[in-house]
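Below you'll find the structure, written out as structure tokens, and then a few comments.
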Protein chains: 2
Amino acid sequence: MARTREFDLDAAVNAAMDVFRRKGYEGTSMRDLSEATGLGSGSIYAAFGSKDGLYLAALDLYRQRYAAPMVDLLRSGNDARAVIREVFIGAVDDITGDGRHLSCLIVGASMERAHQDVRVAERLRSTTQSLELALYDLLAEAQLRGQITTDRSATDLAGFLVTSLQGLRVMGAITPDRAALTRYAEVALTCLD
Amino acid sequence: MARTREFDLDAAVNAAMDVFRRKGYEGTSMRDLSEATGLGSGSIYAAFGSKDGLYLAALDLYRQRYAAPMVDLLRSGNDARAVIREVFIGAVDDITGDGRHLSCLIVGASMERAHQDVRVAERLRSTTQSLELALYDLLAEAQLRGQITTDRSATDLAGFLVTSLQGLRVMGAITPDRAALTRYAEVALTCLD
DNA sequence: CACTATCTGGAACGATCGACAAAGTACCGC
DNA sequence: GCGGTACTTTGTCGATCGTTCCAGATAGTG
């Protein structure tokens with residue numbers, strides 16, 4: 001009993017996400033978002049309420065697409081070292097994936113939006129914590145099995161690994177050198193020894 | 001034979017730097033900069049040419065004030081482990097220093113401006129490289145003396161440490177927990193063992 | 001002291017910002 | 001096919017953007 005929505009909402013959020021990753025929140029205008037999504041600004045406001053709303057939707061999509069699979073991988077039950085290395089290599093691949101300068105939305109939001117929008121801050125903390133928790137469970141188990149060092153608590157090791165991942169994102173933005181980033185990641189993994 | 005400039009140029013750049021650290025490049029308006037520096041927009045444009053010019057000046061000041069002393073410390077000739085730990089603790093202090101939400105301008109510029117302005121990108125690469133080089137020299141020497149591991153090249157260790165520093169800045173923006181960040185930094189230092 | 005080169009703050013520029021309202025369009029149940 | 005409903009488009013709103021210009025203020029020169 002009504003006209004059906006013509007555009008694919010997920011596709012629109014996906015297009016918006018790419019723009020936000022490339023230009024940041026403040027650097028992206030509604031005009032940019034209209035062009036990227038192919039929608040008129042009216043449709044955007046009807047669907048998302050505001051620029052902030054679309055940004056939050058993009059951030060949620062990013063978490064769902066990139067952070068959640070990481071957690072799944074960490075909880076897959078495979079060898080701790082192997083999955084953690086896989087996560088790091090996947091991150092490096094993502095960073096140096098193509099020349100489209102798609103920065104990490106998590107890191108970008110952390111630097112640009114976390115202090116301005118509490119809803120963004122909440123999502124960032126939630127994402128980071130779920131990643132840390134998955135790492136913690138994996139590391140604590142590995143410690144019990146004597147597979148990794150017990151010199152440091154699993155909590156600290158997990159936090160450190162997340163920190164390293166964030167650092168790789170930043171370094172990749174300055175110098176997207178895949179080989180170098182991979183070696184830095186390998187050094188980080190030696191902290192488990 | 002003319003009127004002399006009345007305001008302190010360095011003080012103005014310093015005030016602008018704080019605003020850029022708090023709100024980012026795009027998030028800062030000329031109005032913000034006028035209020036922060038106490039200058040009319042005319043004076044700002046006469047002194048710096050443009051908003052970009054003032055941003056570059058702020059970035060240079062940041063490098064001079066925070067990055068350069070780090071390099072000096074690393075080259076002071078003291079024990080490698082000790083000075084590196086000092087650098088990391090100093091970074092954590094800087095991150096959690098006060099509640100003014102003064103993010104790292106280097107990381108902020110990396111995520112927001114590196115892809116848009118080549119002059120920013122050059123400065124970021126230069127800063128990162130000089131830091132890496134100072135670390136490399138220090139680590140290579142320490143390796144010769146058998147003070148740190150030789151399992152990894154000094155190059156990789158240096159790059160990894162810089163990566164960790166960047167990561168700490170990001171984590172600090174999400175959760176400014178001094179104790180946690182300190183423990184993460186300590187884990188990073190174990191990579192030298 | 002008068003002159004003048006420079007600096008100063010603020011007014012004003014066109015452009016663009018995010019947001020919104022109204023009009024037009026396509027789809028549904030009947 | 002018709003009425004009603006939701007979605008899309010278009011145009012425009014006041015505000016603010018970065019920038020420029022100007023008139024007045026000021027300090028050094030002769």
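Quick note on labels: first sequence line is chain A, next is B, and so on, each numbered from 1.
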Rounded to whole angstroms, how far apart are CD1 on I44(A) and P on dT10(D)? 14 Å

Classify S50(B) by what it touches in the nucleic acid, base, sugar-phosphate, or nothing, heavy-atom distance under 4.0 Å. sugar-phosphate

Which listed nucleotide (dT19(D), dT8(C), dT9(D)) is nearest to the side chain of S43(B)? dT8(C)

Taking NZ from K23(B) and C1' from dT16(D), how many angstroms apart are they, rounded to a whole number? 12 Å

In whole angstrom, give the distance that lies between atom CG of L39(A) and atom P of dA19(C). 16 Å

So does I174(B) get a backbone contact from the side chain of R125(A), meaning a donor-acceptor N/O pair under 3.5 Å? yes

Do you see a donor-acceptor pair shorter than 3.5 Å between the side chains of N78(B) and S76(B)? yes

Reckon G38(B) touches a base, only the sugar-phosphate, or nothing at all at heavy-atom distances under 4.0 Å? sugar-phosphate

Tell me the interatomic distance from F48(B), atom CZ, to dC7(C), atom C1', rounded to whole angstroms. 14 Å

How many Å lie between CG on L33(A) and C1' on dA19(C), as a whole number? 13 Å

Does K51(A) make a cation-pi contact with Y25(A) (under 6.0 Å, within 45 degrees of the axis)? yes

Could you tell me if the side chain of H101(A) sits less than 4.5 Å from the side chain of R21(A), heavy atoms only? no

Could you check how far CE of M30(B) sits from C1' of dG9(C), rounded to whole Å? 13 Å

Quickly work out the E26(B) CD to dT16(D) P distance and round it to whole Å. 18 Å

When you match D32(A) and G42(A) each to their closest nucleotide on DNA chain C, which lands nearer the 5' end? D32(A)

Which nucleotide, dC17(D), dT19(D), dG18(C), lies nearest any side-chain atom of S29(B)? dC17(D)

Indicate, with a heavy-atom threshold strictly under 4.0 Å, whether T28(A) touches base, sugar-phosphate, or nothing. sugar-phosphate

Whole-Å distance, D52(A) CG to dC17(C) C1', equals 14 Å

With a 3.5 Å distance limit and no angle check, can you tell me whether R63(B) reaches the backbone of A68(B) through a side-chain donor-acceptor pair? no

Please determine whether a side-chain nitrogen or oxygen atom of Y45(A) lies at a distance below 4.0 Å from atom OP1 or OP2 of dC20(C). no

Between S41(A) and R31(B), which residue's closest nucleotide on DNA chain D lies nearer the 5′ terminus? S41(A)

